[in-house]
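Structure record follows, encoded as structure tokens.
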Amino acid sequence: MTLKRIILSILTAIAIVLVGLSLVGSWNQPQIQSRLELYQTNLLLHASEWQPQNDGDANLTSARNNIVGTEPLNTALTQYQEARDTTQKAITTTQSQIKDIQSAIAAKPDNNTQNLAQKQVLSESIKQQLALQNEIDLRVGILQASNDKTEAAIQTWEKLIEGDKTESDGDSSVATARVLTGIWSDPAQLLPDAEPRIQKSLEGWFRYRALTQLYKLQERSKELAALQATEQATAEKAIEKLALIVGIPAIALCIGTVLLVGLTVQWLLQRRQLDKASSGPLLARNGSLAWDVPWDGEIVWQVLVVGFFFVGQILIPYLLLPVSLAVLKLNPATFDPREKAFYIFATYLLLSAGGLSVLYFSIKSFLPLPDGWFRLNWQDNWFLWGFGGYFVALPLVVVVSLINQQLWQGQGGSNPILPIVLEGRDNVALAVFFGTAAIAAPVFEEIVFRGFLLPSLTRYLPVWGAIAASAFLFAVAHLSVSEILPLATLGAVLGFVYTRSRNLLAPMLLHSLWNSGTLLSLFLLGGGAS
């Protein structure tokens, strides 16, 4: 075995360990989808408060009911109770992991640096999970009280008060729970800090419902009228946002389903006409036409392990960035959303530059490449392939995601950028995130996975096998175990579009549209009804 292969073998082992640890680490992390559902639920609650101003708004009332459903409070209560159960499972699992680490520390007291660090991370995770559970309990109680289940609401808040031992009463969800218990009790018990506590600890529809109850008890008709007027304006905006969030994807989903059915029928009718030429049935074009691959599997191995995993998972995060930040005396943990956005963008540019450099020097000796490699033709029909692929991917990924949610029950992790976008309010940060996710990522990832990896694999696999293998590696590279199935499905569509169009612009466009749609949904949901 040559020295090069020995080095590649070592780096491969390291890459496998790091990727495995990242996937295992995402095992008990919450999915972004679970949070998206709660954000959408909050919009539905706002929208349910809208009331027509005159009798001529019957059509608008009907439209509102179609959007929010007939029983929005029950629907919201179910969503929050499911979120509460998921959070409790995560807490139980994390507590079990801490116990295992404590046992390991007791067994080997002399060398526990890694165990202690892991315990600290898990302990911090427990605090965050408990805080989230308390926040959910506050909201579940308000939903119960608003749904004429006052006794159940008070029991929910009393359990929170009795069980919360993590924070002081002066600044915690416990104090808010006491306020809520007081204003919904019979007779009511109004605490002196009721209004500021509600304003500070609650937001959105939940704050509105709590303040409405408080103002009614205090007989503050003027403040109550102003609050209700504000909520009506908020409700109208919520309906508009829900129309965008639900309506546009629904239309795209219908278009995609029609295209998917049409392509499937075409394939069934013309499956005997499949050929290797660039002409013929649309679905069959280039369907089994492999690339002329001038290098062997060792070059593919080298590009993936060194260019993608080593540079992206070891060199940049563990060597270059820590040294650079130490010199500049910067701490990413203290960054605000805008600084995080620029930090992530700069990191991705470094990763892309390193990966593409390794790719270039790995295939440099084979230049000029055979016809068809890394083809970018602006005058081709790539635009239609990109948009068509996006619409077809929607129903496929939606179906797989629904199955995936049942498997993972809200756990399994997500792309770390998504929660930052969801909670961000900085337009500059959002623009930078857009540049990262909708421009930089599609260009780099499509060059690597579709431009290089997929064609290279056709030397050893049929085209469909190369599509499947590259799609799986594309999904694993995102390091979230719950996203492997949906991303592999998307990767398969990206590979299909590239093998048929033979133009990298097509999967780049599809990839950009997908990420842009995700960012738009996050932006609309994260902004609430404001």
Side-chain angles (χ1 to χ4, degrees), residues 30 34-46 48-49 72-91 126-186 188-218 227 231 234 410 419 422-423 525-526 528-530:
S34 300
R35 297 174 66 180
L36 289 178
E37 289 174 356
L38 293 183
Y39 272 77
Q40 186 163 322
T41 297
N42 296 342
L43 277 178
L44 287 169
L45 289 170
H46 275 301
S48 68
E49 297 293 335
L73 289 179
N74 285 332
T75 302
L77 184 57
T78 300
Q79 289 280 2
Y80 269 95
Q81 287 174 332
E82 290 177 354
R84 210 262 184 204
D85 292 341
T86 300
T87 304
Q88 181 58 55
K89 289 178 182 177
I91 291 172
I126 281 281
K127 290 181 181 179
Q128 295 174 357
Q129 290 166 353
L130 287 171
L132 175 60
Q133 185 183 65
N134 289 344
E135 180 183 345
I136 291 174
D137 283 341
L138 290 176
R139 297 187 175 196
V140 166
I142 294 173
L143 285 166
Q144 290 170 327
S146 300
N147 208 18
D148 297 326
K149 299 177 181 178
T150 306
E151 291 185 7
I154 292 175
Q155 289 177 4
T156 299
W157 294 323
E158 287 178 345
K159 287 180 182 178
L160 189 160
I161 295 169
E162 294 170 1
D164 191 308
K165 307 296 182 184
T166 62
E167 301 176 89
S168 64
D169 288 356
D171 186 23
S172 73
S173 55
V174 171
T176 308
R178 289 196 174 113
V179 167
L180 296 175
T181 301
I183 64 176
W184 261 286
S185 295
D186 186 16
Q189 300 174 7
L190 301 183
L191 298 180
D193 64 340
E195 184 171 359
R197 174 60 57 185
I198 291 171
Q199 294 280 10
K200 180 179 179 180
S201 301
L202 300 174
E203 60 182 19
W205 179 88
F206 299 94
R207 179 193 293 169
Y208 163 73
R209 294 301 303 172
L211 287 176
T212 297
Q213 179 71 6
L214 178 64
Y215 291 162
K216 286 180 179 179
L217 291 171
Q218 293 175 332
L227 178 67
E231 180 60 16
T234 303
L422 181 63
E423 297 171 356
L525 287 171
S530 59

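Fair warning: this is a prediction, and the values are worked out from it, not measured in the lab.
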Classify the ring geometry of Y80 against F206: parallel below 30°, tilted from 30° to 60°, perpendicular beyond 60°. perpendicular
Distance in Å, [X] [atom1] paired with [Y] [atom2], rounded so as to fall on 0.5 Å steps:
{"X": "L227", "Y": "R207", "atom1": "CG", "atom2": "CZ", "result": "10.0 Å"}
{"X": "L73", "Y": "T78", "atom1": "CG", "atom2": "OG1", "result": "10.5 Å"}
{"X": "I136", "Y": "R84", "atom1": "CD1", "atom2": "CZ", "result": "8.0 Å"}
{"X": "R178", "Y": "E158", "atom1": "CZ", "atom2": "CD", "result": "11.0 Å"}

Heavy-atom pair with the smallest gap, counting every atom of [X] and [Y]:
{"X": "A210", "Y": "W184", "value": "CA-CH2, 3.9 Å"}
{"X": "A153", "Y": "G141", "value": "CB-O, 3.1 Å"}
{"X": "A188", "Y": "I183", "value": "CB-O, 4.4 Å"}
{"X": "L160", "Y": "A177", "value": "CD2-CB, 4.1 Å"}
{"X": "A76", "Y": "L45", "value": "CB-CD2, 3.7 Å"}

Are any non-hydrogen side-chain atoms of [X] and [Y] less than 4.5 angstrom apart?
{"X": "L214", "Y": "L190", "answer": "yes"}
{"X": "Q81", "Y": "L143", "answer": "no"}
{"X": "Q144", "Y": "I154", "answer": "no"}
{"X": "E203", "Y": "R139", "answer": "yes"}
{"X": "L138", "Y": "N134", "answer": "no"}

Test side chain to side chain contact (heavy atoms under 4.5 Å, CB included) on D137 and W157; report intermediate values, then the result. CA-CA 7 Å; D137 283 341; W157 294 323; 5.7 Å; no
Can you confirm whether Q199 is buried at CD, in the sense that more than 12 heavy atoms of other residues, nucleotides or ligands lie under 6.0 Å from that atom? yes
Output all residues satisfying side chain to side chain donor-acceptor pair (under 3.5 Å) with N147, sequence neighbours left out; order by chain, then residue number. N74
Any chance you could lay out the side chain to side chain contact (heavy atoms under 4.5 Å, CB included) test for L202 and L180, step after step, and finish with the verdict? CA-CA 11 Å; L202 300 174; L180 296 175; 4.2 Å; yes
Begin with the C-alpha distance, continue with both residues' side-chain angles, and end with the deciding distance and a verdict on side chain to side chain contact (heavy atoms under 4.5 Å, CB included) for T176 and I198. CA-CA 7 Å; T176 308; I198 291 171; 5.5 Å; no
Taking NZ, NE, NH1 and NH2 as the nitrogens, is one of them in E231 or R209 under 4.0 Å from a carboxylate oxygen of the other? no
Chi angles and distances behind the side chain to side chain contact (heavy atoms under 4.5 Å, CB included) call for W205, I142: CA-CA 10 Å; W205 179 88; I142 294 173; 4.0 Å; yes
